[in-house]
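Reading through the structure tokens given below for one structure.
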Amino acid sequence: MTASGRNRVRIIAGKWRSRLVSFPPAAQLRPTPDRVRETLFNWLGQRLDGRACLDLFAGSGVLGFEALSRGAARVVMVEADREIARGLRESARLLEAEGVEIAQSDALKFVERSRDKFDLVFVDPPFASDLAVRAMALLPAVLNPGARVYVESAAALDLPAPWRLLRDDRAGAVRYALYETIP
């Protein structure tokens, strides 16, 4: 496989089904595998019509683009790395994506400053960090009632209230889970 072949990921459903999203080579990028995304969107329901989504630590952007492909009204992708953010903008341009915003920012600072509310948040930070737990502590302030938060990590997270685990699974080295806040 060529280097460029490894730097592409396929959208699995919706209006951009089978379209490829390219991203710059970066060691820290670990796009969510097709099988995991398929499971996630089965958990969420196949359509996300009208939902506002936040893709923290966006990386390849595949989770956010998948959400847009499945009808999300708005997706904000947050990526700290300038070159990766540039790649997200290029992917959005090539897809002619409407409703996408790319924020080049530290994810935690973005959440702290945000006045927006979201129905679905994707949290997929580098595994060798505590960023998932730190992001989860901040997220309740930006969630709409009934919102869901999807998290990828190396190990299961032990999150205090207000979090309730809805579903979780494992695929190789990836642990993934869906949470909601307790009303």
Side-chain angles (χ1 to χ4, degrees), residues 1-49 51-79 81 83-100 102 107 118-129 131-132 135 148-157 165-180:
M1 179 180 287
T2 67
S4 63
R6 285 191 300 266
N7 295 334
R8 295 188 309 189
V9 65
R10 180 178 64 94
I11 295 172
I12 57 175
K15 71 178 177 182
W16 297 320
R17 179 188 172 106
S18 299
R19 295 277 304 266
L20 293 174
V21 174
S22 297
F23 52 92
Q28 73 271 25
L29 288 185
R30 179 189 30 75
T32 302
D34 287 8
R35 186 179 81 78
V36 173
R37 277 184 285 128
E38 190 169 327
T39 300
L40 166 63
F41 287 97
N42 284 338
W43 290 350
L44 294 170
Q46 292 298 315
R47 298 290 307 169
L48 299 177
D49 295 335
R51 300 228 181 123
C53 303
L54 175 61
D55 188 357
L56 286 176
F57 314 99
S60 70
V62 72
L63 290 172
F65 289 124
E66 190 79 47
L68 281 169
S69 184
R70 293 169 182 257
R74 177 176 181 233
V75 174
V76 178
M77 296 182 186
V78 181
E79 176 55 53
D81 184 279
E83 198 59 36
I84 296 171
R86 185 177 296 129
L88 291 169
R89 286 185 193 92
E90 179 62 11
S91 292
R93 186 188 69 75
L94 291 171
L95 291 170
E96 298 177 356
E98 294 180 17
V100 66
I102 314 298
F118 299 95
D119 303 303
L120 177 61
V121 179
F122 304 111
V123 179
D124 184 11
F127 282 179
S129 73
L131 291 171
R148 303 283 190 265
V149 178
Y150 168 78
V151 181
E152 285 187 26
S153 57
L157 301 180
L165 177 66
L166 296 173
R167 312 276 308 250
D168 71 328
D169 206 344
R170 180 182 238 6
V174 177
R175 185 110 192 151
Y176 55 102
L178 189 64
Y179 294 90
E180 70 177 358

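The chain is numbered in sequence order, starting from 1. Computed from a prediction, not measured in an experiment: that's the story for all the values here. Only this structure's heavy atoms are used, side chains among them; waters, hydrogens and symmetry mates stay out.
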Salt bridge present between Arg86 and Glu83 (N-O < 4.0 angstrom):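 Answer for the salt bridge query: yes.
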Asp119 and Arg148 ion-paired at < 4.0 Å: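 No, no charged N to carboxylate O under 4.0 Å.
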Side chain proximity check, [X] to [Y], heavy atoms < 4.5 angstrom:
X: Tyr179; Y: Leu166; value: no
X: Leu178; Y: Leu44; value: yes
X: Val78; Y: Asp55; value: no
X: Ile12; Y: Arg17; value: no
X: Arg175; Y: Asp168; value: yes
X: Ile102; Y: Glu79; value: no
X: Leu95; Y: Ile11; value: yes
X: Asp34; Y: Arg10; value: yes

Enter the distance from [X]:[atom1] to [Y]:[atom2] here, rounded to the nearest 0.5 Å.
X: Ser60; Y: Arg8; atom1: OG; atom2: CZ; value: 13.5 Å
X: Arg89; Y: Met77; atom1: CZ; atom2: CE; value: 11.5 Å
X: Leu20; Y: Ser91; atom1: CG; atom2: OG; value: 10.0 Å

Show the nearest heavy-atom pair for residues [X] and [Y], with the distance to one decimal.
X: Phe127; Y: Ala173; value: CE1-O, 3.8 Å
X: Val100; Y: Ala92; value: CG1-CB, 3.7 Å
X: Leu88; Y: Gly59; value: CD2-O, 3.3 Å
X: Ala171; Y: Val36; value: CB-CG2, 3.6 Å
X: Phe41; Y: Leu63; value: CZ-O, 4.3 Å
X: Ala132; Y: Pro125; value: N-CG, 3.6 Å

Parallel, tilted or perpendicular, as decided by the 30° and 60° cut-offs, for the rings of Tyr150 and Phe122: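 Judged by the thresholds at 30° and 60°, the geometry between Phe122 and Tyr150 is perpendicular.
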Parallel, tilted or perpendicular, as decided by the 30° and 60° cut-offs, for the rings of Trp16 and Phe65: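 Ring orientation of Phe65 relative to Trp16: perpendicular.
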Side-chain donor or acceptor of Thr39 paired with backbone N/O of Arg35 under 3.5 Å: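 Checking the backbone N and O of Arg35 against the side chain of Thr39, a donor-acceptor pair under 3.5 Å is found.
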Donor-acceptor under 3.5 Å (Glu66 side chain, Ala13 main chain):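 Here the side-chain-to-backbone pair exists.
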CA sep, side-chain torsions, deciding dist, call: Val151, Asp124, side chain to side chain contact (heavy atoms under 4.5 Å, CB included): CA-CA 6 Å; Val151 181; Asp124 184 11; over 6 Å; no
Trace of the side chain to side chain contact (heavy atoms under 4.5 Å, CB included) decision for Leu165 with Leu157: CA-CA 10 Å; Leu165 177 66; Leu157 301 180; over 6 Å; no
Lys NZ or Arg CZ of Arg170 over Tyr176 ring: under 6.0 Å, within 45°: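 Ring-cation test returns no.
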